[in-house]
**Q** 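The structure that follows is given in the form of structure tokens.
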There are 2 protein chains.
Amino acid sequence: MHKVKYSIGQLAKESGCKVETVHYYEKIGLMPEPPRTEGGHRVYALPHVKRLTFIRRSRELGFKIEQIKDLLKFIDEPNHYCGEVRAMAMQQARTVQEKINDLERLHSALNDMVIQCKDSNNSIDNCPIVDSLFTKKATE
Amino acid sequence: MHKVKYSIGQLAKESGCKVETVHYYEKIGLMPEPPRTEGGHRVYALPHVKRLTFIRRSRELGFKIEQIKDLLKFIDEPNHYCGEVRAMAMQQARTVQEKINDLERLHSALNDMVIQCKDSNNSIDNCPIVDSLFTKKATE
DNA sequence: CCTTGAACCTATAGTTACTACAGGTTCTAT
DNA sequence: ATAGAACCTGTAGTAACTATAGGTTCAAGG
């Protein structure tokens with residue numbers, strides 16, 4: 001199942017990205033410039049597949065490109081320890097938790113609004129949702 | 001506390017936006033072109049403050065600009081009923097709930113990784129976080 | 001060997017919702 | 001009258017891609 005050479009299309013498929021995304025990652029220096037065929041087509045190998053998979057998974061976990069660059073630096077350069085990566089993962093977990101909290105506040109605000117607005121045949125002038133959106137948040 | 005005329009800076013402050021954002025909203029047709037002074041400075045009134053506050057609050061609730069355009073259409077045009085707005089709020093609540101679910105999955109994935117990685121002095125080659133990021137999600 | 005069509009190439013523009021200049025004008029307060 | 005804050009327009013930049021155009025190369029079938 002593991003090939004030795006991959007076209008860009010195969011690389012993309014294997015790692016779950018689009019071809020354009022690979023081009024983009026190459027342009028911003030996240031993926032290396034691979035060897036080419038005579039005709040100029042990119043030729044990849046297994047390490048490329050792994051690297052791109054790493055990138056895609058990290059993106060799914062909400063890491064920003066710049067953070068991924070840092071993670072890859074740890075991995076590319078020898079003499080690094082797990083602790084640095086662990087710290088980044090913990091920080092990321094905190095960031096995600098904050099986003100969850102924000103969204104939950106938002107979700108209950110929306111639900112409150114919907115509950116307030118029992119009579120859908122109300123004219124728009126009396127709609128409690130519209131009303132509450134015209135109101136400022138904290139200070140007046 | 002309620003004035004009759006507002007400069008763009010005052011409008012921005014009252015509604016919690018930046019001046020540049022007001023310019024932007026005018027350019028994309030979310031805010032109307034207001035009257036001007038002799039010298040060309042924009043002059044706003046209370047309805048503008050309310051409208052912009054509505055927009056800012058809706059953005060905070062995660063509505064996209066296009067959705068806000070729809071909401072404002074309901075409000076601007078008479079003969080609309082609360083039901084349309086209510087439906088949009090409910091849909092928005094669902095969307096937000098989905099985002100929360102996604103983030104919670106992500107959060108526990110990150111936490112799992114951190115827990116797996118007990119020994120921070122591990123070399124990077126043995127780091128379980130790095131490992132799991134090199135692994136594909138569902139299918140191999 | 002030749003052809004055909006899928007896959008590839010580069011470069012550029014578009015997306016979303018702003019933010020940040022630059023370089024000039026107007027307003028306001030002293 | 002003048003200083004400087006606030007305003008004006010227009011353009012470019014941000015993040016992380018996606019999409020398009022217009023052309024070239026590759027692989028498979030005849």
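Below, read A as the first sequence line, B as the second, and so on, with proteins coming before strands; counting in each chain starts at 1. Basis for what follows: all heavy atoms, side chains included, without hydrogens, waters or symmetry-related copies.
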**Q** Along DNA chain D, 5' to 3', what are the outermost nucleotides having an atom less than 4.0 Å from a heavy atom of chain A?
**A**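 Result: D:dA16 to D:dC26.
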
**Q** Please list, chain by chain and in numerical order, all residues satisfying salt bridge (Lys or Arg N to Asp or Glu O under 4.0 Å) with A:D102, sequence neighbours excluded.
**A**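 With sequence neighbours excluded, A:D102 shows a salt bridge (Lys or Arg N to Asp or Glu O under 4.0 Å) to A:R105, given in chain and number order.
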
**Q** Could you pull out the closest heavy-atom pair between A:V49 and A:E14, with the gap in Å?
**A**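 Distance-wise, the nearest heavy atoms are CG1-CB, 3.8 Å.
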
**Q** Please identify which of these residues, A:E98, A:K99, A:Q92, meets the side chain to side chain contact (heavy atoms under 4.5 Å, CB included) condition with A:V96.
**A**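 Looking at A:E98, A:K99, A:Q92, the match for A:V96 under the side chain to side chain contact (heavy atoms under 4.5 Å, CB included) is A:Q92.
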
**Q** Say whether A:I28 and A:L72 are linked into one hydrophobic cluster, either directly or through other cluster members, by side-chain heavy-atom distances under 4.5 angstrom.
**A**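 In one cluster with A:I28: A:L72, yes.
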
**Q** Quick test: give all pairs of protein nitrogen or oxygen and nucleotides 28-30 of chain C nitrogen or oxygen below 3.5 Å, distance rounded to 0.1 Å.
**A**
none

**Q** In whole angstrom, what separates B:I65's CD1 from C:dT15's P?
**A**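 Between P of C:dT15 and CD1 of B:I65: 14 Å.
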
**Q** Measure CD/B:E66 against P/C:dC18 and give the value in whole Å, please.
**A**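 Whole-Å distance recorded here is 12 Å.
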
**Q** Once you round it to whole Å, what is the distance between C1' of C:dT19 and OH of B:Y25?
**A**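 Going from OH in B:Y25 over to C1' in C:dT19 covers 12 Å.
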
**Q** Atom NE2 in B:H48, atom OG in B:S15: separation rounded to 0.5 Å?
**A**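 Output value for this atom pair is 11.5 Å.
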
**Q** Distance alone, cut at 3.5 Å: any donor-acceptor contact between the side chains of A:Q97 and A:R94?
**A**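 Not at all, the side chains of A:Q97 and A:R94 share no donor-acceptor pair under 3.5 Å.
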
**Q** C:dT26 phosphate, OP1 or OP2: any side-chain N/O from B:T37 under 4.0 angstrom?
**A**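 So the side-chain polar atoms of B:T37 never come under 4.0 Å of the phosphate oxygens OP1 or OP2 of C:dT26.
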
**Q** Report yes if some heavy atom in the side chain of A:F63 is under 4.5 Å from a heavy atom in the side chain of A:D70; otherwise report no.
**A**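 Not touching, per the 4.5 Å side-chain cut-off.
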
**Q** Mind checking salt bridge (Lys or Arg N to Asp or Glu O under 4.0 Å) for B:R51 and listing every partner two or more places apart, or none if nothing turns up?
**A**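 Per chain and number, B:R51 pairs via salt bridge (Lys or Arg N to Asp or Glu O under 4.0 Å) with B:D76.
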
**Q** Touch check for B:F63, heavy atoms < 4.0 angstrom, all strands: base, sugar-phosphate only, or nothing?
**A**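 Contact class for B:F63: none.
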
**Q** Spell out, yes or no, whether B:I68 and B:L61 are grouped together once hydrophobic residues are joined by side-chain heavy atoms under 4.5 Å, including indirect joins.
**A**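 Same hydrophobic cluster.
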
**Q** Between B:I75 and B:M31, is there shared hydrophobic-cluster membership here, with clusters defined by ILVMFWY side-chain heavy atoms closer than 4.5 Å?
**A**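 B:I75 clusters together with B:M31.
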
**Q** Name the atoms and distances for all side-chain donor-acceptor pairs under 3.5 Å in residues 18-25 of chain A, with sequence neighbours left out.
**A**
{"unit_1": "A:H23", "atom_1": "NE2", "unit_2": "A:R42", "atom_2": "NH1", "d": "3.4"}

**Q** Can you pull every protein N or O that's under 3.5 Å from an N or O on nucleotides 7-13 of chain C?
**A**
{"unit_1": "C:dC8", "atom_1": "OP1", "unit_2": "A:S7", "atom_2": "OG", "d": "3.0"}
{"unit_1": "C:dC8", "atom_1": "OP1", "unit_2": "A:G9", "atom_2": "N", "d": "2.8"}
{"unit_1": "C:dC9", "atom_1": "OP1", "unit_2": "A:R42", "atom_2": "N", "d": "2.8"}
{"unit_1": "C:dC9", "atom_1": "OP1", "unit_2": "A:R42", "atom_2": "NH1", "d": "2.9"}
{"unit_1": "C:dC9", "atom_1": "OP2", "unit_2": "A:H23", "atom_2": "NE2", "d": "3.0"}
{"unit_1": "C:dC9", "atom_1": "OP2", "unit_2": "A:R42", "atom_2": "NH1", "d": "3.4"}
{"unit_1": "C:dC9", "atom_1": "O5'", "unit_2": "A:R42", "atom_2": "NH1", "d": "3.4"}
{"unit_1": "C:dC9", "atom_1": "O3'", "unit_2": "A:R36", "atom_2": "NH1", "d": "3.4"}
{"unit_1": "C:dT10", "atom_1": "OP1", "unit_2": "A:R36", "atom_2": "NH1", "d": "3.3"}
{"unit_1": "C:dT10", "atom_1": "OP1", "unit_2": "A:R36", "atom_2": "NH2", "d": "3.1"}
{"unit_1": "C:dT10", "atom_1": "OP2", "unit_2": "A:R42", "atom_2": "NH1", "d": "3.0"}
{"unit_1": "C:dT10", "atom_1": "OP2", "unit_2": "A:R42", "atom_2": "NH2", "d": "2.8"}

**Q** How many Å lie between OH on B:Y24 and C1' on C:dT15, as a whole number?
**A**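 Value for this atom pair: 10 Å.
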
